[in-house]
Amino acid sequence: MNFSTSRHSAGALFTESPIRDLEAIVRSRTPLIAMDSIEEPQIVRMARQIAQRQQLKAFKWTVTDGMQALDPADQPSLTSITKSQDVLNYIKTSGRNSLFVLLDFHHYLQDAVHVRHLKDIALHCSRQYVTVILVGFALKMPEELMPFTAQFRLPLPSPDEVRGIVFDVAGEWGAEHGQRDVQTTNKVIDLLVRNLLGLSSTDVRRLALKAINDDGVISETELPEVMRAKYELLGRDGVLSFEYETAKFSEIGGLQRLRHWLEVRKEFFTDETDERLDPPRGVLLLGVQGCGKSLVAKAAAGIFRAPLLRLDFGVLYNKYYGETERNLRKAFETAEVMAPCVLWMDEIEKGVAVQNDDDGLSRRILGTFLTWMSEHKKPVFVVATANDIMRLPPELIRKGRFDEIFFVDLPSPQNRQDILLIHLRKRALDPKQFDLNALVKATEGFSGSEIEQAIVSAMYNAHAKREELTQEELLTEIRQTRPLSVVMAEKVQELREWASTRTVPCD
């Protein structure tokens with residue numbers, strides 16, 4: 001695919017809408033505009049255009065370069081004004097009919113003198129027609145300046161704008177390396193654009209260059225790394241974790257019905273091929289502990305070829321009122337920015353089980369989750385797992401919340417044989433050296449993880465004796481193991497009976 005013939009100009013990538021919206025704020029004579037953004041070049045370009053339209057002088061200031069005019073006609077630039085207090089003094093005394101862009105000014109908003117200066121400017125702006133645009137990373141305005149401040153959020157690039165940036169970066173790379181073409185396909189470009197949505201223009205440019213890398217090729221193999229980098233760029237605080245390793249159903253014994261259910265829906269997850277069908281929203285997995293619910297979440301991400309995010313309920317909770325719900329909303333926002341993705345909510349009963357002694361927190365968490373489940377539009381497929389159905393509120397498990405509720409039961413004889421084969425081969429053991437029929441019979445009532453652990457423990461014992469693992473050693477370990485279906489027989493049986501008429505079996 002030839003990028004050179006389709007190269008875009010970076011300065012023309014953005015629509016008129018954000019400039020028009022910012023200009024409306026300037027015309028309204030709002031004295032202070034706060035912009036939490038790293039897109040300094042774009043903001044400066046917008047300020048220059050607005051100043052020209054409104055016949056205002058325009059300046060930008062940084063602590064390193066001082067104050068510089070954005071239009072040569074407004075010279076001379078006052079580069080000697082490098083101190084933050086000096087620039088505020090200048091604005092207050094000489095800033096009539098002017099627009100100022102103060103970059104990285106968030107560092108100074110903790111100082112009472114700077115805050116007072118800005119308040120004085122705001123109180124006199126109606127007479128002087130001065131507007132100050134404060135730009136910074138994680139910029140937070142002091143409370144006393146809020147009545148004089150308009151918050152302006154720069155919109156993220158649209159799909160067409162992201163595509164334009166990718167083409168522009170590819171063209172620049174080709175020119176720099178003396179090549180005309182960057183090798184790729186339309187399908188890969190579509191996937192790359194989809195994966196870069198939700199990022200700022202600067203970050204889109206950075207990750208597009210990362211995808212091209214040193215070989216001038218954009219291939220599907222680079223996309224998972226792009227998604228990892230995208231997640232890291234979001235700078236989140238640990239409520240969600242990025243699961244780097246997904247799984248395949250070939251690594252899981254059984255669950256064929258669930259696998260087929262996912263396969264049927266994978267093409268509708270991201271492709272709007274049929275407007276009559278909504279994309280799949282998620283599944284709730286109930287089952288006996290150790291039977292593969294967590295592996296299913298990883299395998300679903302593998303089938304959908306999407307990144308896997310895991311919500312950690314232990315990190316979610318905060319002692320301050322309202323912060324837990326805020327953390328949950330923030331996690332959902334991250335998932336939507338990462339879309340298309342799979343969101344794994346492990347042991348969901350720990351997060352949404354309604355309690356009567358928590359000042360209503362559990363009900364607020366449940367309400368936040370149910371609202372998001374019903375209203376979110378981005379392709380985020382939820383895989384929620386639960387071990388204790390009795391703790392789940394009825395609002396969560398009624399039909400319509402999830403696309404389906406599956407039950408992961410104890411493995412059947414055939415599934416136990418498959419599990420034995422998987423774990424023996426995984427550890428470079430020859431299944432032909434073992435009597436699989438005897439092992440299948442001996443592991444009746446075992447979960448998949450209990451079968452795996454029996455093999456691991458038997459291997460440790462054999463290694464301690466400096467011997468190869470034998471059939472007898474493995475059978476001895478299995479007979480010494482008391483599976484959960486025996487230790488908690490009544491509870492496991494109760495769960496299986498409840499699920500038999502209320503859920504869909506995975507096999």
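This chain uses plain numbering: 1 for the first residue, then up along the sequence. Values reported hereafter were calculated over all heavy atoms of this structure, with side chains retained and with hydrogens, waters and symmetry mates removed.
- Distance check: N327 CG to R329 CZ gives 9.5 Å after rounding to the nearest 0.5 Å.
- In this structure, T371 contributes its side chain and T368 its backbone to no donor-acceptor pair below 3.5 Å.
- By the 6.0 Å contact criterion, CD on Q471 is enclosed, its count of non-hydrogen atoms from other residues, nucleotides or ligands being greater than 12.
- Remark: side-chain polar atoms of D507 are paired, donor with acceptor, to backbone N or O of Q256 under 3.5 angstrom.
- Sorted by first then second residue, the side chain to side chain donor-acceptor pair (under 3.5 Å) pairs that include residues 472-484, not counting sequence neighbours, are N461-E477, K465-E473.
- Of all heavy-atom pairs between A306 and C341, the closest is CB-CA, 3.8 Å.
- In plain terms, the two heavy atoms of F434 and L469 that are nearest each other are CZ-O, 3.8 Å.
- Remark: R259 is not positioned above the aromatic ring of W261, lacking an NZ or CZ atom under 6.0 angstrom from the ring centre and at most 45 degrees off the axis.
- When atom types are taken as modelled, the side chain of R205 and the backbone of S201 share no donor-acceptor pair closer than 3.5 angstrom.
- Checking side-chain atoms of T443 against main-chain N and O of F446 turns up no donor-acceptor pair under 3.5 Å.
- Taking each heavy atom of A499 and T503 in turn, the nearest pair found is O-OG1, 2.8 Å.
- Using a 4.0 Å cut-off between charged side-chain N and carboxylate O, D403 and R265 make no salt bridge.
- The two residues A34 and M141 have their closest heavy-atom pair at CB-CG, 3.6 Å.
- The two residues C506 and V408 have their closest heavy-atom pair at SG-CG2, 3.6 Å.
- A salt bridge is defined here as a Lys NZ or Arg NE, NH1 or NH2 lying under 4.0 Å from an Asp or Glu carboxylate O, and E404 with R281 fails to meet this definition.
- Between K491 and E494 there is no salt bridge, since none of the side-chain N atoms of the basic residue sits less than 4.0 Å from a carboxylate O of the acidic one.
- A salt bridge links R427 with E452: the closest approach of a Lys/Arg side-chain nitrogen to an acidic carboxylate oxygen falls below 4.0 angstrom.
- In the model, E450 has a side-chain atom that pairs as donor or acceptor with a side-chain atom of S447 under 3.5 Å.
- Environment of CD in E467: crowded, with over 12 heavy atoms of neighbouring residues, nucleotides or ligands closer than 6.0 Å.
- K140 and D36 are not joined by a salt bridge, as no carboxylate oxygen comes within less than 4.0 angstrom of a charged side-chain nitrogen.
- Looking at H463, its side chain never comes within 3.5 Å of a backbone N or O of M459 through a donor-acceptor pair.
- Checking each of L308, V283, I303 against F381 for a side chain to side chain contact (heavy atoms under 4.5 Å, CB included) leaves exactly one that passes, namely V283.
- Between E347 and K350 there is a salt bridge, with a side-chain nitrogen of the basic residue lying less than 4.0 Å from a carboxylate oxygen of the acidic one.
- The shortest heavy-atom contact between R391 and E349 is NH2-O, 3.7 Å.
- Residue D409 forms a salt bridge (Lys or Arg N to Asp or Glu O under 4.0 Å) with just one option from R416, K293, R257, R496, and that option is R496.
- Under the rule for a salt bridge (Lys or Arg N to Asp or Glu O under 4.0 Å), the partners of R310 that lie at least two apart in sequence or sit in another chain are D346.
- Ring geometry for F269 versus F304: interplanar angle under 30°, hence parallel rather than tilted (30 to 60°).
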